[in-house]
Participant: 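This is the structure I want to talk about, given as structure tokens.
Every number for a ligand or one of its atoms is a count from 1 in the order of the listing.
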Amino acid sequence: MIWVDTIAELRKIVSGWRREGLTIGLVPTMGYFHEGHLSLMRHAKAENDRVVVSLFVNPTQFGPNEDLDRYPRDHARDRSLAEGVGVDLIFAPLPGEMYPEGFQTWVEVTGLTQGLCGKSRPGHFRGVTTVVTKLMMLVGPDRAYFGEKDAQQLRVVRRMVRDLNIPVEVRPVPLVREADGLAMSSRNVYLSPEERQAALILSKALFAMRDRVQAGETDVHSLREGMESMIKAEPLVQLEYLEFVDDETLEIVERVERPVLVALAAKVGRTRLIDNLVVGRL
Ligand code: AMP
């Protein structure tokens with residue numbers, strides 16, 4: 001596995017692969033790998049001749065009071081995990097390589113970024129779409145892999161690729177959970193044992209809601225109340241948002257009559273977690 005930290009080296013290697021006619025899969029990440037990341041890499045490996053993983057804690061997608069400085073990092077561990085699943089190249093630039101002095105160009109998706117995490121994290125998606133566009137321009141991948149864990153991000157990136165005619169196929173990968181239901185996240189390391197236990201209420205509430213939908217309940221008001229009362233009973237967890245939105249447009253819905261994304265964000269202690277489920281899929 002090759003490890004590069006400059007754009008020049010990255011370009012040299014991927015253009016060589018391209019000349020040989022090899023297909024390339026891109027997996028953008030912020031590192032501190034867990035099974036969710038490895039699942040994206042395995043999907044990329046299965047569908048492409050070469051896999052490029054970017055490992056970059058992108059400063060422009062963090063707000064001023066967020067966890068940029070304490071975001072977990074462990075390059076040695078990430079290197080061996082990626083190597084273990086057959087990744088061909090890791091691109092791990094320093095911030096100055098991606099955002100040189102005088103940087104002033106942004107890529108922004110408007111409508112889809114207004115609700116959910118876009119509301120509570122202003123500027124977040126502008127940072128995401130800008131860095132993902134740069135990575136796509138640098139690597140020129142045939143396919144790029146995004147997890148359903150970040151459901152809104154996936155939909156925003158898909159729209160950006162469509163709207164800007166970026167020649168890449170966006171491939172969604174299912175959300176990977178711990179055995180007890182907790183959505184895997186690099187941020188789970190922040191949780192104390194008590195918080196880790198309390199955080200389980202988020203997936204439990206989603207699963208209970210799914211059971212009710214499968215039993216025929218369609219009224220969002222009632223489904224939401226059920227989830228809120230479960231989550232409110234857990235004092236260590238503060239719900240930031242809980243929304244039932246159309247799976248494609250992300251517009252608020254009142255009934256589950258077509259695929260509905262049920263997405264939430266919550267603070268567990270100081271740690272912000274997100275989780276989601278899609279219900280009403282045929
Ligand atoms: P991150 O490093 O958290 O920015 O995530 C990098 C990529 O991995 C994104 O496309 C995420 O959606 C995806 N990812 C993170 N956690 C999970 C998970 N538990 N299951 C599936 N994909 C995930």
Participant: Pick from D219, V220, V262: which one makes a side chain to side chain contact (heavy atoms under 4.5 Å, CB included) with V256?
Facilitator: V220
Participant: Does R42 pair with E35 as a salt bridge, N-O distance under 4.0 Å?
Facilitator: yes
Participant: Decide if atom CD of E108 counts as having more than 12 heavy atoms of other residues, nucleotides or ligands within a radius under 6.0 Å.
Facilitator: yes
Participant: When you measure from atom 20 (N) of ligand 1 to every protein heavy atom, which one gives the shortest distance, and what is it?
Facilitator: V176 N, 2.8 Å
Participant: Counting heavy atoms only, name the option from R177, H37, H34 that's nearest to atom 5 (O) of ligand 1.
Facilitator: H37
Participant: For Y71, does the six-membered ring have the charged nitrogen or CZ of R187 within the cation-pi criterion, i.e. under 6.0 angstrom from the centroid and within 45° of the normal?
Facilitator: no
Participant: Polar-atom distance check: L175 versus ligand 1, any N or O pair below 3.5 Å?
Facilitator: no
Participant: With a 4.0 Å heavy-atom cut-off (strictly under), which part of E35 contacts ligand 1: side chain, backbone, both or neither?
Facilitator: neither
Participant: Is R70 atom CZ crowded by more than 12 heavy atoms from other residues, nucleotides or ligands, each under 6.0 Å away?
Facilitator: yes
Participant: Would you mind checking which non-hydrogen protein atom is closest to atom 10 (O) of ligand 1, with the distance to 0.1 Å?
Facilitator: G147 N, 2.9 Å
Participant: Measure S185 to ligand 1 on non-hydrogen atoms and call it side chain, backbone, both or neither using the 4.0 Å cut-off.
Facilitator: neither
Participant: Is any side-chain heavy atom of K45 closer than 4.5 Å to one of V85?
Facilitator: no
Participant: Could you go through the side-chain contact (heavy atoms from CB on, under 4.5 Å) check for I7 and E97 one step at a time?
Facilitator: CA-CA 7 Å; I7 286 170; E97 184 74 2; 3.5 Å; yes
Participant: Provide, to 0.1 Å, the distance between atom 6 (C) of ligand 1 and the closest protein heavy atom, together with that atom's residue and name.
Facilitator: P28 O, 3.4 Å
Participant: May I ask you to identify the nearest protein heavy atom to atom 11 (C) of ligand 1, giving residue, atom name and distance to one decimal place in Å?
Facilitator: D150 OD1, 3.0 Å
Participant: Decide yes or no on side-chain hydrogen bond (donor to acceptor under 3.5 Å, both in side chains) for Y99 and T60, but give the supporting numbers first.
Facilitator: CA-CA 9 Å; Y99 300 107; T60 64; 2.9 Å; yes
Participant: Of the side chain and backbone of P174, name the one, both, or neither that has a heavy atom under 4.0 Å from an atom of ligand 1.
Facilitator: backbone
Participant: Can you tell me which residue and heavy atom of the protein come closest to atom 23 (C) of ligand 1, and the distance to 0.1 Å?
Facilitator: K149 CB, 3.7 Å
Participant: Going by the atom numbers of ligand 1, which of them fall below 4.0 Å from some non-hydrogen atom of L40?
Facilitator: 7 (C), 8 (O), 10 (O), 13 (C), 22 (N)
Participant: Name the closest protein heavy atom to atom 4 (O) of ligand 1, giving the residue it belongs to and the distance to 0.1 Å.
Facilitator: M30 CG, 3.5 Å
